[in-house]
Enquirer: 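Just dropping this structure here.
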Protein chains: 2
Amino acid sequence: MNSQFKKGVLELIVLLSVNKRDMYGYELVSEVTKVVDVNEGTIYPLLKRLTNENYFETYLVESTEGPSRKYYKLTVLGKSRLEELKKGWIEFSSSVSEFIKECEKGE
Amino acid sequence: MNSQFKKGVLELIVLLSVNKRDMYGYELVSEVTKVVDVNEGTIYPLLKRLTNENYFETYLVESTEGPSRKYYKLTVLGKSRLEELKKGWIEFSSSVSEFIKECEKGE
DNA sequence: ATTTAGTACTTGACAATGCAAGGTAGTAAG
DNA sequence: CTTACTACCTTGCATTGTCAAGTACTAAAT
């Protein structure tokens, strides 16, 4: 897969996931990977950035399977960011798909 | 528009455009901008890279409206690159759209 | 008890892409 | 002869994702 396609979309995928239910980082890696391959070194810095930008709040929950889990929860600001990104993605991807179709028509 | 969505897709848009007909750099800027905003500082280095990777051949044509135009033409290798990218894009964008739909379902 | 495996998070050096800004140079019109 | 438009190219920068390594905690196997 072209790893460049990912840029920017990862943020959307992460916001969508956390919007479904609060999640912790390690869980997000496997959740997000269902859609686009991603590794820890990508997810954790992204979560940090989104938390700094006040899209997430975090809280710790102890686990019996290892160290405490840091859960991420969407803030109100995060929800509006999600809507904005989602709208942007839909517009963008359909205009690209439209262009592809037009080019195929002319062949 | 989220400029990050562009990453990687620009190459696809450029290949699609040149596949329709040979084009020169300056022309490509306005052609590609119909789909995604782009400027010269992005296009020229990209054209150079794609030429170095043997996806393009170039030839000069004199113009009565300014300096000579450097036209870009898709090579056989370029056409296969185009098909590859196009396939990749379609798969990628539909899996993202699918994920968005699933998330909306659960609301 | 100690090793192993799995969970969970962090950090720093790195690569790829796009942008803004600037430079060169030809043609045409005022 | 200056302005404007066409056309091309380069450089330095910011953003984002990747890779590799490291820390630390828990549970189960040896």
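All heavy atoms count here, side chains included; hydrogens, waters and symmetry mates do not. What you see is a predicted model, and the numbers here were worked out from it, not measured in a lab. Each chain gets a letter, A, B and so on, in the order the sequences are listed, and its residues count up from 1.
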Enquirer: Look for any protein N or O under 3.5 Å of an N or O in nucleotides 19-23 of chain C and output each such pair with its distance, or none.
Expert:
from	atom 1	to	atom 2	distance (Å)
C:dC19	OP1	B:Lys6	NZ	2.5
C:dC19	OP2	B:Thr42	OG1	2.3
C:dA20	OP2	B:Asn39	ND2	2.8

Enquirer: Please walk me through it: do B:Lys86 and B:Glu83 pass salt bridge (Lys or Arg N to Asp or Glu O under 4.0 Å)?
Expert: CA-CA 5 Å; B:Lys86 187 159 78 177; B:Glu83 288 311 313; 3.8 Å; yes
Enquirer: Count the heavy atoms of every other residue, nucleotide or ligand shown that sit under 6.0 Å from NZ of A:Lys20, and state whether that count exceeds 12.
Expert: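 More than 12 heavy atoms, drawn from other residues, nucleotides or ligands, come within 6.0 Å of this atom.
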Enquirer: Please check the phosphate of D:dC8 (OP1 and OP2 only) for any side-chain N or O of B:Tyr26 closer than 4.0 Å.
Expert: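 No, no such contact exists.
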Enquirer: In whole Å, I'd like the distance from the CZ atom of B:Phe5 to the P atom of C:dA16.
Expert: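 Whole-Å distance recorded here is 23 Å.
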Enquirer: A:Asn54 and A:Thr75: which non-hydrogen atoms are nearest, and at how many Å?
Expert: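 Looking at all heavy atoms of both residues, the closest pair is O-OG1, 2.7 Å.
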Enquirer: Are B:Tyr44 and D:dC8 close enough that a side-chain N or O sits under 4.0 Å from OP1 or OP2?
Expert: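 Answer is yes, contact under 4.0 Å.
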Enquirer: If the sugar-phosphate is the primed atoms plus P, OP1 and OP2 and the base is the rest, what is the B/S/- string for nucleotides 24-30 of chain D, using protein heavy atoms under 4.0 Å?
Expert: -BSS---
Enquirer: Between atom CG in A:Leu85 and atom P in D:dT16, what is the gap in whole Å?
Expert: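 From A:Leu85 CG to D:dT16 P: 11 Å.
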Enquirer: Would you sort out whether B:Lys87 and B:Glu84 count as a salt bridge (Lys or Arg N to Asp or Glu O under 4.0 Å), showing the intermediate values?
Expert: CA-CA 5 Å; B:Lys87 193 172 155 232; B:Glu84 189 184 306; over 6 Å; no
Enquirer: Please give, in whole Å, the distance from D:dC8 P to B:Met23 CE?
Expert: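 Rounded to the whole Å, the gap is 13 Å.
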Enquirer: Hey, are A:Glu53 and A:Arg81 close enough for a salt bridge, meaning a charged N less than 4.0 Å from a carboxylate O?
Expert: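 No.
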Enquirer: For B:Tyr24 and D:dC8, is the shortest distance between a side-chain N/O and OP1 or OP2 below 4.0 Å?
Expert: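 It does not, given that no N or O in the side chain of B:Tyr24 lies less than 4.0 Å from OP1 or OP2 of D:dC8.
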Enquirer: CG of A:Leu47 versus P of D:dG17: gap in Å, rounded?
Expert: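 Taking atom P of D:dG17 as the reference, CG of A:Leu47 is at 11 Å.
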Enquirer: Would you say A:Lys70 places a side-chain N or O within less than 4.0 Å of OP1 or OP2 belonging to C:dT10?
Expert: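 Yes, within the criterion.
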Enquirer: Is the ring pair A:Phe5/B:Trp89 parallel, tilted or perpendicular, if the boundaries are 30 and 60 degrees?
Expert: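 Plane angle over 60°, so perpendicular.
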Enquirer: Closer than 4.0 angstrom, basic N to acidic O: yes or no for B:Glu102 and A:Lys34?
Expert: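 So B:Glu102 does not pair with A:Lys34 through a salt bridge.
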Enquirer: Rounded to whole Å, how long is the line connecting atom CG of B:Leu46 with atom C1' of C:dG18?
Expert: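 B:Leu46 atom CG is separated from C:dG18 atom C1' by 10 Å.
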Enquirer: A:Ser17 and A:Glu31: which non-hydrogen atoms are nearest, and at how many Å?
Expert: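 Closest pair (atom of A:Ser17, atom of A:Glu31, distance): OG-CG, 3.8 Å.
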Enquirer: Given atom CD of A:Gln4 and atom C1' of D:dT16, what is their separation to the nearest angstrom?
Expert: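 Distance check: A:Gln4 CD to D:dT16 C1' gives 9 Å.
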Enquirer: Whole angstroms only, please: what is the CD-P distance between B:Glu62 and C:dT27?
Expert: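 Result: 8 Å.
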Enquirer: Using a cut-off of strictly less than 4.0 Å, decide whether B:Arg49 has a side-chain nitrogen or oxygen near OP1 or OP2 of C:dA16.
Expert: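 Answer is no, no contact under 4.0 Å.
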Enquirer: Between B:Lys7 and D:dT15, does any side-chain N or O lie under 4.0 Å from OP1 or OP2?
Expert: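 No, because none of the side-chain N or O atoms of B:Lys7 sits under 4.0 Å from OP1 or OP2 of D:dT15.
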Enquirer: Tell me the closest heavy-atom pair linking B:Thr33 and B:Val29, and the distance in Å.
Expert: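 Closest heavy-atom pair between B:Thr33 and B:Val29: OG1-O, 2.6 Å.
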Enquirer: Provide, to the nearest angstrom, the distance between the CG atom belonging to A:Leu28 and the P atom belonging to D:dG17.
Expert: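 Whole-Å distance recorded here is 14 Å.
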